[in-house]
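Below: one structure, written as structure tokens.
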Amino acid sequence: MSSHVRHITIDCSDAYGLGAFWAQVLDAPLSDEDSPGDPEALVEAPGAAILFVRVEDPKQTKNRVHLDIQPQDRSRDEEVERLLALGATLVGDHRRPNGRGWVTLADPEGNEFCVECGAAERAALSGTRLPVTADDVTSAVRLAVDALAGAPADRWDTPAGSLTWTCWETVEHLSDDLFAYAAQLGPRTPPLDHDVPYRWAPDREGGPHNAVFADRTAGTAGLLATLEASGALLASMARTTPPGVRSYHGYGISDPEGFAAMGVVETLVHTHDLAEGLGLDWSPSPALCDRVLARLFPDAPAGGDRWTVLLWATGRAELPGHPRRTSWRWDGRPPADQTASSAG
């Protein structure tokens with residue numbers, strides 16, 4: 001058995017005030033149980049929450065432990081300016097002419113922390129591929145659920161785009177895919193030559209073979225809840241499974257990032273099918289499309305609209321200069337295995 005970090009605890013003079021600052025830094029909520037003047041305040045940040053505890057002794061020297069902040073949706077320099085505006089102060093500027101480096105700031109009570117380049121900046125600086133993450137799974141599924149929530153109630157039994165399944169069945173299939181990818185990462189020793197043996201069967205002749213079905217009496221809200229729940233399962237497994245773990249998939253033994261990327265592709269393209277059947281608009285982030293193309297379709301054409309390229313790669317659209325695909329498959333293997341195979 002092992003222990004886990006429950007909180008990162010920081011001594012301070014004003015627990016609630018400092019907690020409020022860090023809640024803005026991390027875009028995370030303060031606990032509903034905390035109020036101004038309380039001796040403790042909890043910022044419920046993902047991963048490990050931060051607990052601020054009021055003490056009488058003032059801070060006297062440099063922290064022996066500090067937090068490193070990595071912005072998710074803006075540059076390092078933009079994040080530094082945002083945090084300075086929130087009340088942080090500059091302690092040291094360690095940025096380099098080549099774009100690398102970090103900035104050391106202090107919070108309103110003088111606790112030092114560092115602001116580093118985000119993942120996108122790091123990838124651009126090093127010329128490496130930006131990975132597909134658990135957050136990408138969550139983002140794709142939530143965007144899909146939000147889009148589908150506006151569908152007309154009388155369209156769910158119509159075909160989903162070019163598929164032979166109804167829109168209802170296609171959401172069930174998507175939920176099942178996300179669940180199945182999470183399940184492949186679940187055993188202590190994941191299988192390398194077969195799927196985890198749930199029983200998959202169609203609900204009707206010609207319907208998708210699923211282990212997951214939605215209760216029709218729960219309506220569209222219930223259907224979409226199953227989709228969001230399956231997405232959360234995959235995101236959790238992708239986030240917590242060590243990157244060296246491997247598990248079976250019919251398109252190549254894969255790793256946690258690979259299963260996350262598969263889940264994102266399934267979500268994006270099946271929501272495209274659903275949008276056609278339900279009469280909805282659907283156009284996901286080009287950056288997200290680019291990340292999953294780089295991970296699962298390494299031979300896809302570079303440049304051009306990345307959503308169109310992903311639709312072409314999955315046989316759903318024309319792409320100028322390239323024949324339309326009548327069959328397709330991704331390469332789920334980790335990139336190192338793809339490279340080794342290509343090298344012979």
Side-chain angles (χ1 to χ4, degrees), residues 134-187 195-241 247-251 256 259-284 288 292 310-311 314 316 330:
D135 288 339
D136 290 330
V137 176
T138 300
S139 176
V141 171
R142 288 180 177 176
L143 288 171
V145 167
D146 290 346
L148 296 173
D154 61 352
R155 298 286 292 273
W156 285 97
D157 287 324
T158 60
S162 61
L163 303 181
T164 59
W165 303 328
T166 68
C167 290
W168 183 280
E169 290 172 332
T170 301
V171 174
E172 288 182 324
H173 166 75
L174 175 54
S175 297
D176 189 79
D177 280 340
L178 300 175
F179 166 80
Y181 298 154
Q184 285 303 113
L185 297 170
D195 293 318
V196 175
Y198 289 93
R199 186 176 70 86
W200 277 274
D203 205 29
R204 66 166 180 87
E205 184 72 25
H209 284 65
N210 294 352
V212 173
F213 294 94
D215 182 355
R216 194 75 191 230
T217 64
T220 304
L223 175 68
L224 297 181
T226 68
L227 175 56
E228 196 159 12
S230 292
L233 289 174
L234 177 56
S236 295
M237 293 307 300
R239 180 174 290 109
T240 58
T241 303
S247 188
Y248 174 80
H249 186 274
Y251 291 173
F259 283 105
M262 295 177 209
V264 171
V265 170
E266 296 278 9
T267 301
L268 299 186
V269 301
H270 280 315
T271 304
H272 166 78
D273 300 331
L274 289 157
E276 289 190 333
L278 296 168
L280 302 172
D281 293 327
W282 175 247
S283 183
L288 179 56
V292 295
L310 182 58
L311 290 175
T314 56
R316 287 169 167 82
W330 57 53

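Taking NE2 from His173 and CG from Leu163, the interatomic distance works out to 8.0 Å, rounded to the nearest 0.5 Å. In this structure, Met262 CE and His249 NE2 are separated by 4.5 Å, a value rounded to the nearest 0.5 Å. With values rounded to the nearest 0.5 angstrom, Leu234 atom CG is found 10.0 Å from Asp177 atom CG. Note that OG1 of Thr138 is 9.0 Å distant from CD of Glu228, once rounded to the nearest 0.5 Å. Atom CE of Met237 and atom CZ of Phe259 lie 10.5 Å apart (nearest 0.5 Å). To the nearest 0.5 angstrom, His270 atom NE2 is 11.0 Å from Ser175 atom OG.
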Solution key, residues 143-156 side-chain donor-acceptor pairs under 3.5 Å, sequence neighbours excluded:
from, atom 1, to, atom 2, distance (Å)
Arg155, NE, Gly277, O, 3.4
Arg155, NH2, Gly277, O, 2.9
Trp156, NE1, Thr220, OG1, 3.4

Practice prompt. Carefully, step by step, assess Leu274 and Val171 under the rule side-chain contact (heavy atoms from CB on, under 4.5 Å).
Written response: CA-CA 8 Å; Leu274 289 157; Val171 174; 3.7 Å; yes
Item to complete: Check the pair Asp176 / Trp200 against side-chain hydrogen bond (donor to acceptor under 3.5 Å, both in side chains), numbers first and verdict last.
Response: CA-CA 9 Å; Asp176 189 79; Trp200 277 274; 2.8 Å; yes
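Under 3.5 Å, the side chains of Asp273 and Trp165 contain no donor-acceptor pair of N or O atoms.
Trp282 places a side-chain N or O within 3.5 Å of a backbone atom of Leu268 that can act as its donor or acceptor partner. Here the side chain of Thr170 pairs no donor or acceptor atom with the backbone of Ala160 at under 3.5 angstrom. When atom types are taken as modelled, the side chain of Ser230 and the backbone of Leu227 share no donor-acceptor pair closer than 3.5 angstrom.
Counting heavy atoms from C-beta outward, Tyr181 and Glu266 have side chains that approach closer than 4.5 Å. Under the 4.5 Å side-chain criterion, counting only non-hydrogen atoms from C-beta, Asp136 is in contact with Leu288. Contact check for Leu233 versus Leu178: no side-chain heavy atoms found under the 4.5 Å cut-off. Put simply, the side chain of Arg316 does not reach to within 4.5 Å of the side chain of Leu310, judged on heavy atoms.
In this structure, Asp215 places its CG atom where more than 12 heavy-atom neighbours from other residues, nucleotides or ligands lie under 6.0 Å away. Heavy-atom neighbours of Arg199 CZ from other residues, nucleotides or ligands within 6.0 Å: at or below the threshold of 12. No more than 12 heavy atoms of other residues, nucleotides or ligands shown are found within 6.0 angstrom of CZ on Arg142.
For the residue pair Cys167 and Pro159, the shortest heavy atom distance occurs at SG-O, 3.9 Å.
The aromatic rings of Phe179 and Tyr198 sit perpendicular to each other, their planes meeting at more than 60°, with 30° as the lower class boundary.
Residues that satisfy the salt bridge (Lys or Arg N to Asp or Glu O under 4.0 Å) test with Glu172, not counting sequence neighbours, are absent from this structure.
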